[in-house]
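Following: one structure in structure tokens, then a few remarks.
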Protein chains: 2
Amino acid sequence: MDDVLSVTTLPRAVHEALRESIIAQRVPPGSTVTEKAVAERFGVARPTAKAALERLVAEGLLRRTAHKTARVPELDRDDIVDLYANRAVVEEAALRRLAEAGEVPDQALSAQRSLIEAARDAGMDHPDAGPLARADIMFHRALVEAQPSPRLARLHALLMGEIELCIGQVLAHRLLALGDVVDQHQGILDAVSAGDVELAGRLTRAHIDGARDRLLTYFDETRLALPGAQSTEQGEEGSRNRV
Amino acid sequence: MDDVLSVTTLPRAVHEALRESIIAQRVPPGSTVTEKAVAERFGVARPTAKAALERLVAEGLLRRTAHKTARVPELDRDDIVDLYANRAVVEEAALRRLAEAGEVPDQALSAQRSLIEAARDAGMDHPDAGPLARADIMFHRALVEAQPSPRLARLHALLMGEIELCIGQVLAHRLLALGDVVDQHQGILDAVSAGDVELAGRLTRAHIDGARDRLLTYFDETRLALPGAQSTEQGEEGSRNRV
DNA sequence: CCCGATCCACTTGTCTGACAATACCTCCGC
DNA sequence: GCGGAGGTATTGTCAGACAAGTGGATCGGG
């Protein structure tokens, strides 16, 4: 509801496509992304690709130093903890402000609805956690963007880039406890519409901490099954496994 | 202590110089900054200037839409309130984490010392609030960067760009209640070294709220002396006064 | 005289092509 | 087997160019 009818510029389009590719793990973590490759892949000039890469670096979805090739970062356990701690701070503040107004945005409601639908459809089967994760993120983004401060929304967006990346890297399979998530969302919405600032903030923090713990559990299960990678010394070429 | 010995790239240098120019009000708020002008001023190619401008836009120190020329934003009262509200959220979180560690960084101590010196020297005279404001900002930045989360520091840096801008736009003259500021800083340092998380967070928030109120008072005094600009309708071309 | 439409200068978006500087990889000699 | 020299790949930066869009000025009509 912000950029409707805006002319989409070329670097922005490349940026969006690449961002989606990275989050969806189509370009694996740890792999390099050269300007030339991007330029050829999308059929644009190298400066255009360069601009797109720079935006991704600014967003935290790519890392690059000096004259070296950009790499998709491999987020570790500490990154998850750090990301969710900061997200909790920002999103709690956002939900408190939203509760002050006491109005629940329509987009959050529709995101919640599609999440419920997805939860029902994916009852026994678990076909692509992608749509589920996307609906969940849309729910949170809608809430934060409905709150009156555009700068707070920017801070949130800055974190959510990496959050999406680590959801993709760690999860990428199934979203556990889907029913609980839906219930927690509903609780937040109720607190907001009731104008209960304290409750909205507390529920938001609890919800995010819960999401973090689920991610950490899954991370630990996945990583402990793999050999090594416990010390700080080797993981250089050893971590370039298939992911 | 982060980028020591790093090769400084050309767009980055232009970006830094321009940023400094904007914050120091050498390029007045509301004025336009074209890519060509920047390129000629620094003797670089237009793409280089373009890159620098894009970084400034991402930082919030310039605003630009579609095909229009970038402008230095004119921050109003609501912007100040919003900026300081977000800054309080981020910086309170940072100080709480710093208090958990319980160690006061050296850079904060030296910034505090230079602030005390500057306060003593500027007893009766008020020669350039620039160094004072800079020392104050260095103090806060040192605290936030000493805290363990790099992402939280990034969020803070993103806000501080605009904060510096609005300090320059509103203040630019004298920093009031300098003694109080120094005392509040000391209180925060004491709370951190004592490991009192709650106290550090509370003092930080109070300090930032106080700074905001001083700025708002000064803003109101200055702006009320000017004609008009009270409704939401006219301020379009009426706000392009000399500033 | 005022209002509207057309035109033009300016600015930005993007491309091509190129060169220098730096980093990484390979190969050769010891 | 190991260390250093060279080549290749990649990035940083530039110059010049053209298309597209914006804003203001000019001109004509009412």
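Chain A is the first sequence line, chain B the second, and so forth, proteins listed ahead of strands; every chain is numbered from 1. All heavy atoms count here, side chains included; hydrogens, waters and symmetry mates do not.
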Side-chain contact, heavy-atom cut-off 4.5 Å: B:Arg55 with B:Arg19?
no
Flag side-chain contact, heavy atom, 4.5 Å: B:Gln25 against B:Leu165:
yes
Of the listed nucleotides (C:dG13, C:dT14, D:dT11), which one gets closest to any side-chain atom of A:His67?
D:dT11
Taking D:dT11, C:dT14, C:dT12 as options, the one with an atom nearest any side-chain atom of B:Thr34 is C:dT12
How long is the gap from CG on B:Asn86 to CZ on A:Arg154, to the nearest 0.5 Å?
10.5 Å
May I ask you to evaluate whether A:Lys68 reaches the phosphate of C:dT22, defined as a side-chain N or O under 4.0 Å from OP1 or OP2?
no
Would you say B:Arg64 reaches C:dG13's phosphate, i.e. side-chain N/O to OP1/OP2 under 4.0 Å?
yes
Look only at the side chain of A:Arg97 and the backbone of A:Gln147, and say whether a donor-acceptor pair between them is shorter than 3.5 Å.
no
Aromatic contact, B:His156 with B:His140 (centres under 6.0 Å)
no
Whole angstrom value for the distance that separates [atom2] of [N] from [atom1] of [X]:
X       : N      : atom1 : atom2 : result
B:Glu35 : C:dT14 : CD    : P     : 11 Å
B:Arg71 : D:dG23 : CZ    : P     : 10 Å
A:Leu10 : D:dG21 : CG    : P     : 14 Å

Are B:Thr32 and B:Arg64 close enough that a side-chain donor and a side-chain acceptor fall under 3.5 Å?
no
Any residue in residues 36-46 of chain B with a heavy atom nearer than 4.0 angstrom to DNA chain D? Just list them by number, or reply none.
B:Val44, B:Ala45, B:Arg46
For a quick check of understanding: with a heavy-atom distance under 4.0 Å over all strands, which category does B:Pro47 fall into, base, sugar-phosphate or nothing?
nothing
